[in-house]
Amino acid sequence: VSLAQSGAITLHWKCNNPVGAAGTVYEVRRRAGATGTFGYLASVGSKAFTDETIPAGFNGVTYEITATRSTKRGVAAQFNVNFGVGGDGMTFATVSPVSENATMKMAA
């Protein structure tokens, strides 16, 4: 995850697809705050996405990324991105899996 001065967040991830697999698309969803439903943001063909629409007033968001290919869907990966202000007024973001036992892996 990288945080731009504009407040946009760019997500990058890895996904191990089966040998010879092609056409994987990643569905990106976001939830603002600790609870609620995930809203659809985009489907992308690369392992990166820039979120320029983060709602104001939240200390963090949770992303859910699901790899899809043809009729197959991978297990969704969820992770939290928390925002804060550190020394010298620098804005920062930290990333963590949703649960302690979760791995941040996905495949389709």
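Side chains included, hydrogens not; waters and symmetry mates left out as well; all remaining heavy atoms used. Start at 1 with the first residue, then count along the sequence.
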Shortest non-hydrogen contact from [X] to [Y]?
| X | Y | value |
| --- | --- | --- |
| Gly36 | Arg31 | O-CD, 3.1 Å |
| Gln78 | Glu64 | NE2-OE2, 2.6 Å |
| Ala67 | Thr24 | CB-CG2, 4.1 Å |
| Ala32 | Val61 | CA-CG1, 4.1 Å |
| Thr66 | Gly74 | CG2-O, 3.4 Å |
| Cys15 | Tyr26 | CB-OH, 3.6 Å |

Quiz prompt | Residue pair Trp13 / Val28, side-chain heavy-atom distance below 4.5 Å | solution =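 Yes, their side chains come closer than 4.5 Å.
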Quiz item: Is there a chain of hydrophobic side chains (I, L, V, M, F, W, Y, each step under 4.5 Å between heavy atoms) that links Val44 to Phe79?
Solution: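 Result: yes, single cluster for both.
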Self-check item: Within one Ile-Leu-Val-Met-Phe-Trp-Tyr cluster: Val1 and Leu41, side-chain cutoff 4.5 Å
Solution: yes
Exercise. Please identify each residue that fulfils salt bridge (Lys or Arg N to Asp or Glu O under 4.0 Å) with Glu27, with sequence neighbours left out.
Key: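 Checked Glu27 against salt bridge (Lys or Arg N to Asp or Glu O under 4.0 Å); matches are Arg29, Arg73.
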Exercise. Report the distance from atom CD1 of Ile65 to atom NZ of Lys47, rounding to the nearest 0.5 Å.
Key: 12.0 Å
Could you list the donor-acceptor pairs under 3.5 angstrom formed between side-chain atoms of residues 51-58 and any protein atom two or more places apart in sequence or on another chain?
unit_1 : atom_1 : unit_2 : atom_2 : d
Asp51  : OD1    : Arg30  : NH1    : 3.0
Asp51  : OD1    : Thr53  : N      : 3.0
Asp51  : OD1    : Thr53  : OG1    : 3.0
Asp51  : OD2    : Arg30  : NH1    : 2.8
Asp51  : OD2    : Tyr63  : OH     : 2.7
Thr53  : OG1    : Arg30  : NH1    : 3.2

Practice problem: Go through the steps for Ile9 and Phe49 under the test side chain to side chain contact (heavy atoms under 4.5 Å, CB included), then give the verdict. | Solution: CA-CA 8 Å; Ile9 291 179; Phe49 173 75; over 6 Å; no
